[in-house]
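Both backbone and side-chain heavy atoms feed into the values below; hydrogens, waters and symmetry mates do not. Atoms within each ligand, like the ligands themselves, are counted from 1 in listed order.
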Amino acid sequence: MKPIYHQLPFNITCIDTQHMRSDFVAAYLIENNHRAAFIDTGCYLSVPTLLATLEAKNISRESVDYIILTHIHLDHAGGAGELLRHLPNANIYVHQRGAHHLIDPSKLRAGVIGVYGELFFKQFLGDLIPAPAERVIIKQAGDTLNLGGRLLAFIDTPGHARHHLCIWDKTSQGIFSGDTLGVSYREFDTDQGTLIFPPTTPIQFDPAAWIKTINQLMTLNPKTAYLTHFNQITFNQASAKMLIQHINGFVAIAKAHQTSQHRHQAIKKALLSYLLDIASKHGVTLDEARQIKLFKGDLEICAQGLGVWLDENP
Ligand SMILES: [Zn+2]
């Protein structure tokens, strides 16, 4: 297998896990002094790509110390248990609210199959392999890891999910942000820069907590963010402002359709026109059919998450 990856500065590799499509779900590999760490893994089906990347870069499986998970949504962490089986010296590092789901993934599995069905699970996520409890290590705000002398610091970042951590890499002045600093597809880059929007995924979307988290992260003065969806972007005060604006925009859409008869469809439709509108103002010239295709998965999931939030905040 020939893996697809993007070599970034500071010994960081953005691996395209090929989940669903190309340029959609990244996993990161950091190297320092002959030690290595993964941040996020993609799903079970992505693991051969991660291992092939190690091989292509001449990094031994024994030199990987850490599998760090930003959170346990399956596009980020579904491959962790399987990856661990191939990395004899690694442990998994995760938020305390996520740890038990890695040790016993039966609830996660049932949840996904309940929403998307068995066929989707098998075809697009593959499987979930339990991780031995003694190899799952809880990390919390203020904790650090030392990767061959390179400091990685954990920040508790609720808003997208309560089991979300971001990782501050002092060397690159960058944040491995999982979903907390938004989704930004490279297809929507223009001379105005990157287009960023919030994945308001079920079931723990919390706009007030999320905005507080973003403001807290900005006190680090990051130069860059390593997004799972997708790749490295410059992340500055303007990026934070854009993301917060669209969190508020998505919430306004949810509230406006609170009592709509076909609420989910109405929210989806409104989100699509919102996204097409911000893309157009951003100078995106991709044809509309292509834009709709790229937004399609997010529309469904964002509308579901907004619906759950409405139900819990009547
Ligand atoms: Zn997520």
Inset, instruction - Evaluate the side-chain proximity of Trp168 to Leu217: yes if any heavy-atom separation is below 4.5 Å, no if none is. - result: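 Sidechains of Trp168 and Leu217: no contact.
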
Pair up each side-chain donor or acceptor in residues 62-69 with any protein partner under 3.5 Å, not counting sequence neighbours, and list the distances.
unit_1 : atom_1 : unit_2 : atom_2 : d
Ser63  : OG     : Ser60  : O      : 2.8
Ser63  : OG     : Ser60  : OG     : 3.4
Asp65  : OD1    : Arg35  : NE     : 3.3
Asp65  : OD1    : Arg35  : NH2    : 2.7
Asp65  : OD2    : Arg35  : NE     : 3.0
Tyr66  : OH     : Asn146 : O      : 2.7

Inset, instruction - Go through Asp127 and Lys122 one step at a time and tell me if the salt bridge (charged side-chain N to carboxylate O under 4.0 Å, His left out) criterion holds. - result: CA-CA 7 Å; Asp127 205 351; Lys122 279 265 167 288; 5.1 Å; no

Legend entry - Qualifying residues under ring-ring contact (aromatic ring centres under 6.0 Å, His included), relative to His246, sequence neighbours excluded: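 Scan of His246 (ring-ring contact (aromatic ring centres under 6.0 Å, His included), adjacent residues dropped) gives Tyr274.
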
Inset, instruction - Using 2.8 Å as the cut-off, note every protein N, O or S atom close to the Zn ion (ligand 1). - result: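 Protein N, O or S atoms closer than 2.8 Å to the Zn ion (ligand 1): His71 NE2, His73 ND1, His160 NE2, Asp179 OD2.
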
Inset, instruction - Under the side chain to side chain contact (heavy atoms under 4.5 Å, CB included) rule, collect the residues that match up with Asp277, sequence neighbours excluded. - result: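 For Asp277, the residues satisfying side chain to side chain contact (heavy atoms under 4.5 Å, CB included) (neighbours in sequence not counted) are Lys281.
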
Inset, instruction - Using atom types as modelled and distance alone, determine if a side-chain donor or acceptor of Asp206 lies under 3.5 Å from a backbone N or O of Gly159. - result: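 No, the answer is negative, given that no donor and acceptor are paired below the 3.5 Å cut-off.
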
